[in-house]
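Each remark here refers to the structure printed beneath this line.
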2 protein chains.
Amino acid sequence: MKARKIKNRKYHTIQDFIRKRIQGGTYPVGSYLPSENEICGQFSTTRTTVRKALDELLKEGFIEKEQGKGSKVVERRKSLGLLTVKGFSGSIDYEVKTIVTKGPKITQWDPIIPFALTEEEKKSDCVYFQRVRHINDRPVVLENNWYANDALQVIDSGEFIEGSFFKTLSQAYFIEVMGAEQELRSIPASQEVAKNLGIQEGIPILHISVRFRTSKPGLNLYGDLYCNTTDYPIRNSYFL
Amino acid sequence: MKARKIKNRKYHTIQDFIRKRIQGGTYPVGSYLPSENEICGQFSTTRTTVRKALDELLKEGFIEKEQGKGSKVVERRKSLGLLTVKGFSGSIDYEVKTIVTKGPKITQWDPIIPFALTEEEKKSDCVYFQRVRHINDRPVVLENNWYANDALQVIDSGEFIEGSFFKTLSQAYFIEVMGAEQELRSIPASQEVAKNLGIQEGIPILHISVRFRTSKPGLNLYGDLYCNTTDYPIRNSYFL
DNA sequence: CAAAACAACTTGTGTGTACAAGTAATAATT
DNA sequence: AATTATTACTTGTACACACAAGTTGTTTTG
């Protein structure tokens, strides 16, 4: 019941306005935003304020700036953990196909999740779906996903935009991933994992438990991934 | 022979000046920088410019800002990959002891490095050292490290500040890590790894190959890590 | 026709100012 | 004595302006 005070920062409203236009496709990836001076006119403000808003969008990874040209909308692929916000494809150089093997449905929370659930999450129903990522038509990653139904409705896998759950969250619900926590383990493949990935039981598997925090209060996405890294190592990179 | 043009950005000189004072210990971790107005006086400039410099240092992870109080120097632990810039301790909750098992010495480049070396690195000699990280007095991580001797001299392990190689680079050489690329694999423990970590051969091990890019042109640090994750999973988190 | 100069845009850097908002110690009030 | 107001600092937001520097298309020049 804590009514959070909403502060009226001018640069924040400009930032939100432009972000929504990017998320909604009004400013598609690859296009250029209106010039800073044009935005100044639209919001009756100065370049200082507009530049502050654009600077925030730059930090959020929505745009890049090019001196002399403008601010370009880019695919938001700030690497979060080992994966990319827009899905799995960004972290691997090969063609990836994703198959939803257990459609989104309501189940119980799985005790395999190593993170502490909030009280709200514990009380809520749980939405679950399973996917298998294929590289060159061979299964490489088995992925279990959960989130609280109180925070977000069940989304049918047929609604997934370009097969991506994160893209759907962004474009259809204006929800962005804000951060992630992970635990990584090297484990022998269980019988179920071996079956799903078409390998022998006991082969070393990279096990990743991840919690994605989102811009929607109360909504966390929990993932449980089993990666066969014998042919395709997981790659990622970070820059300051 | 490309003589890079040096641009005189006022905020850049302020930024460099303060960064060096932080690295050198003039502004120790936990202390507060002089106020923005004081810095204005020292450099005969306006708050706009000083704030731009501080904003860059904020992005670089050297300071945090507290409204009404000041800019505080913080331990720089932007998570780079699975490790922390200041060493291994940041990524694990337990007490960590590091033992250098093969002192820094000149050897040949090891073909196990999965990254493409530059021509300069190939031509240069290679400095190598090996460490074992212990948690609660049990060996958990075996770590091989290489870098080009042309880019940086051999540093004796006795010189390591607080046992940390990265801390030494920062405080004694003003070299900072700027980014990293990684490859992760789950593999069975080889005979040598098993011996060093005191486990059975064949146990699943998390293998991390990493290249750290530094602020010193031409200097990359290559790492080859073998982590026993049965008792201590590798953790990390990211926030935008 | 080709190269150079120009014009018209863009973002980047910087000065100068004003007030809002948060913090902490002190002074005034109850 | 405890609470409240004041004061003097800090950083945060915003306005208004000026010029530097990079990009692109057009015009002028040789």
Side-chain angles (χ1 to χ4, degrees), chain A residues 2-19 21-22 26-74 240, chain B residues 2-19 21-22 26-74 240:
Chain A
K2 54 176 100 170
R4 189 166 307 180
K5 200 165 157 191
I6 296 161
K7 295 169 194 168
N8 264 339
R9 272 80 180 253
K10 209 161 191 175
Y11 77 86
H12 208 271
T13 65
I14 298 172
Q15 181 186 348
D16 290 346
F17 179 86
I18 296 176
R19 194 199 300 104
R21 291 211 153 182
I22 292 174
T26 310
Y27 301 141
V29 170
S31 70
Y32 286 86
L33 297 185
S35 79
E36 294 175 356
N37 280 318
E38 284 183 75
I39 300 172
C40 288
Q42 287 178 37
F43 289 90
S44 317
T45 183
T46 55
R47 268 186 73 208
T48 312
T49 306
V50 171
R51 283 180 66 80
K52 173 71 176 169
L54 294 181
D55 211 54
E56 293 298 316
L57 291 170
L58 184 71
K59 283 184 204 164
E60 291 178 352
F62 286 100
I63 63 170
E64 283 175 1
K65 308 202 77 179
E66 299 170 7
Q67 184 173 4
K69 297 184 73 176
S71 301
K72 188 163 67 176
V73 180
V74 294
L240 300 187
Chain B
K2 54 176 99 170
R4 190 167 305 179
K5 200 166 161 191
I6 297 160
K7 294 168 196 168
N8 265 339
R9 271 83 179 247
K10 210 160 191 175
Y11 77 85
H12 207 270
T13 64
I14 298 172
Q15 181 186 348
D16 290 347
F17 179 85
I18 296 177
R19 193 198 301 104
R21 291 213 154 181
I22 293 173
T26 310
Y27 302 141
V29 171
S31 70
Y32 286 86
L33 297 185
S35 78
E36 296 175 355
N37 280 318
E38 285 183 73
I39 300 173
C40 288
Q42 287 177 38
F43 289 91
S44 316
T45 183
T46 55
R47 268 186 75 208
T48 313
T49 305
V50 171
R51 283 179 66 79
K52 172 72 176 170
L54 294 181
D55 211 55
E56 294 298 316
L57 291 170
L58 183 71
K59 283 184 204 164
E60 291 178 352
F62 287 99
I63 63 169
E64 282 175 1
K65 308 202 77 181
E66 298 170 6
Q67 185 173 0
K69 296 186 72 177
S71 301
K72 188 164 68 175
V73 180
V74 294
L240 299 188

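Quick note on labels: first sequence line is chain A, next is B, and so on, each numbered from 1.
Regarding B:K69, its NZ atom lies at a distance of 9 Å from the P atom of C:dA25, rounded to whole Å. Between the CG atom of B:N37 and the C1' atom of D:dT11 there is a distance of 10 Å, rounded to whole Å. Rounded to an integer number of Å, the gap from B:R47 CZ to C:dT13 C1' is 17 Å. When the C1' atom of C:dG12 is taken as reference, atom CD of A:E64 falls 17 Å away, rounded to whole Å. Spacing between atom CZ of B:R51 and atom C1' of C:dA20 amounts to 12 Å, rounded to whole angstrom units. Rounding to whole angstrom units, CD1 of residue B:I63 and P of D:dT10 are separated by 15 Å. Rounded to an integer number of Å, the gap from NZ of B:K72 to C1' of D:dT11 is 15 Å. Spacing between atom CZ of A:R9 and atom P of C:dA21 amounts to 9 Å, rounded to whole angstrom units.
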Derivation and outcome, side chain to side chain contact (heavy atoms under 4.5 Å, CB included), residues B:I63 and B:I18: CA-CA 10 Å; B:I63 63 169; B:I18 296 177; 5.7 Å; no
For B:D55 and B:K52: C-alpha separation, side-chain torsions, deciding distance, then whether salt bridge (charged side-chain N to carboxylate O under 4.0 Å, His left out) applies. CA-CA 5 Å; B:D55 211 55; B:K52 172 72 176 170; 5.9 Å; no
Checking A:I39 against A:T45 for the side chain to side chain contact (heavy atoms under 4.5 Å, CB included) test, could you report, in this order, the C-alpha distance in whole Å, the side-chain angles of both residues, the deciding distance, and whether it holds? CA-CA 8 Å; A:I39 300 172; A:T45 183; over 6 Å; no
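B:Y11 comes within 4.0 angstrom of sugar-phosphate atoms only, judged by non-hydrogen atoms across all strands, and of no base. B:T46 comes within 4.0 angstrom of a base, heavy atoms only. Among the protein residues, B:T48 comes within range of the nucleic acid bases, having at least one heavy atom under 4.0 Å from a base atom.
Aromatic pair A:Y32/A:Y27: centroids not less than 6.0 angstrom apart.
Residue A:T45 places at least one side-chain N or O under 4.0 Å from the OP1 or OP2 atom of D:dC15. Note on A:K10: a side-chain N or O is less than 4.0 Å away from OP1 or OP2 of D:dC15. In this structure, B:T49 reaches the C:dT15 phosphate: one of its side-chain N or O atoms is under 4.0 Å from OP1 or OP2.
The two residues A:E36 and A:V50 have their closest heavy-atom pair at O-CG1, 4.0 Å.
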